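Before I ask anything, let me first share the structure, which is written out below as structure tokens.
Note that the coordinates shown come from a computational prediction; the quantities given were computed from them, not determined experimentally. The sequence lines fix the lettering, A, B, ..., with proteins before strands; numbering per chain opens at 1.
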There are 2 protein chains.
Amino acid sequence: MNTDADNFAQLLKNNGVSVTTARRAIFHTLRDADEPLKNGEIARRTPTVDRASVYRTLELFARLGITETVMRGWTPYTELAEPFTPHHHHIICENCGKVVEIENDTLEDVLNLVASRYDFALQKHVVELSGLCADCRAKTTRQAA
Amino acid sequence: MNTDADNFAQLLKNNGVSVTTARRAIFHTLRDADEPLKNGEIARRTPTVDRASVYRTLELFARLGITETVMRGWTPYTELAEPFTPHHHHIICENCGKVVEIENDTLEDVLNLVASRYDFALQKHVVELSGLCADCRAKTTRQAA
DNA sequence: AATAAAATTGCGACAACATTGCAATTATTA
DNA sequence: TAATAATTGCAATGTTGTCGCAATTTTATT
Ligand SMILES: [Mn+2]
Ligand SMILES: [Mn+2]
Ligand SMILES: [Zn+2]
Ligand SMILES: [Zn+2]
């Protein structure tokens, strides 16, 4: 049986880069978070690693596909990707900030279809939805009355 | 007949904010661009307006739905939205950087469906695809041979 | 286990990006 | 056109991301 940490180390080796304590530390920060984090927040939660190294590492992780980065408002958020988290997207409540993970095969299929219609071989995609959750809708409706 | 500039002024009035030269200038910069721009680039292309005001204005525009902001790499890009541009998304070639605009109703439908499945009333969505365009695929294949 | 070579890190300085309070200016309303 | 309210520029400051280089850590080799 393989732990995530083992797979992570293996992945680094396969790509010919060193397995270091800094990289492990940042990986753990990401592992512990249950939501995408701002890059600065990753640095803050990994005080043993210098900020410059955090950025270099996040760039490496992104290049190796260990992480994905999405935009919210004007801020990039990073979280673990495919090998360490099932592929998913997010829908965020504009009112209360609640974040729900989305998994939907039809959506994935349509994205591939669209790409091929424009003669592209799809490699990556970003999908971020936002709106009002059921709770907030209920509250808002009540207020309006 | 209504020009975009008229509609823009009207939209501001409807929302109870002033129609100013600074706002018009930034709107024109966006109007003239044929691609999403980095926020700093918007400031550079609108030298008559102070950078601080540019940011305040972009925030206002985003709030009123005049613009949309999408993330590329770790950088936010802004462009005009719905009332001033037909709703669309982008697919970008990872190799040559070519940007193609996407319009696809099925995609829009699926997004709404997915949102409602998670009990959200969809208000906004970000979709950005990337991969290899036909040209770059052809070149790459040839090289591999 | 010890060593040499290579890769990564931290440091410190810096540049770019973004935000803020407030006085001066401009837009709106009457 | 005068009074009021909203917006702007300015200038200072915070935040985020980048870079070169010497010190440290990792890896490969013995
Ligand atoms: Mn997907
Ligand atoms: Mn859409
Ligand atoms: Zn909510
Ligand atoms: Zn291409």
> Centroid-to-centroid, A:Phe61 to A:Phe27, below 6.0 Å?
Replying inline: no
> Side chain of A:Asp50: nearest nucleotide among D:dT8, C:dT9, C:dC11?
Replying inline: C:dC11
> Once you round it to whole Å, what is the distance between P of D:dT8 and CD1 of B:Ile26?
Replying inline: 7 Å
>> Assess, by modelled atom type and distance only, whether the side chains of A:Gln123 and B:Ser130 contain a donor and an acceptor separated by less than 3.5 Å.
In response: no
> Whole-Å distance between D:dC19 P and A:Glu59 CD?
Replying inline: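 Roughly 9 Å, once rounded to whole Å.
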>> Regarding A:Ala22, tell me which of base, sugar-phosphate or nothing describes its non-hydrogen contacts under 4.0 Å with the strands shown.
In response: sugar-phosphate
> Given that B:Asn39 and B:Val17 both sit by DNA chain C, which one's nearest nucleotide is further toward the 5' end?
Replying inline: B:Asn39
>> Regarding A:Ala43, tell me which of base, sugar-phosphate or nothing describes its non-hydrogen contacts under 4.0 Å with the strands shown.
In response: nothing
>> What's A:Ser53 touching, base or sugar-phosphate or nothing? Going by heavy atoms closer than 4.0 Å.
In response: base
> So does A:Lys98 pair up with A:Asp135, basic N to acidic O under 4.0 Å?
Replying inline: yes
>> What I want to find out is whether A:Glu41 reaches A:Arg44 closely enough, with some N-O distance under 4.0 Å, to be called a salt bridge.
In response: yes
> What integer distance in Å separates B:Tyr55:OH from C:dC17:P?
Replying inline: 6 Å
> If you check every side-chain atom of B:Ser18, which of C:dA7, C:dC11, D:dA6 has the closest atom?
Replying inline: D:dA6
> What is the distance, rounded to the nearest whole Å, between atom CZ of B:Arg44 and atom C1' of C:dA18?
Replying inline: 14 Å
> Taking N and O atoms by type only, does the side chain of A:Arg51 place a donor or acceptor under 3.5 Å from a partner on the base of C:dG10?
Replying inline: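 When only heavy-atom distances are counted, A:Arg51 does not reach the base of C:dG10 through any donor-acceptor pair under 3.5 Å.
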> Within this structure, what is the CG-to-C1' distance between B:Leu58 and C:dA18, rounded to whole angstrom?
Replying inline: 11 Å
> With nearest nucleotides of DNA chain D determined for B:Ala52 and B:Gly16 from heavy-atom distances, which residue corresponds to the more 5′ nucleotide?
Replying inline: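 Nearest-nucleotide comparison on DNA chain D picks B:Gly16.
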>> Assuming nearest nucleotide by heavy-atom distance, tell me which of B:Arg24 and B:Gly40 is located more 5' along DNA chain C.
In response: B:Gly40
> To the side chain of B:Thr20, which of C:dA27, D:dG9, C:dA18 is closest?
Replying inline: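 Of the candidates, C:dA27 comes closest.
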> Within the distance-only criterion (no hydrogens, no angle test), does the side chain of B:Asp50 pair as donor or acceptor with the backbone N or O of B:Ala52 below 3.5 angstrom?
Replying inline: yes
> Please give, in whole Å, the distance from D:dT16 P to A:Ile42 CD1?
Replying inline: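 After rounding, the reported distance stands at 12 Å.
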>> If you go through the side-chain atoms of A:Arg56, does one of them form a donor-acceptor pair with the base of D:dG17 closer than 3.5 Å?
In response: no
> CG of B:Leu12 versus P of D:dA5: gap in Å, rounded?
Replying inline: 21 Å
> Can you check the A:Lys38 NZ to C:dA18 C1' distance for me, whole Å?
Replying inline: 12 Å
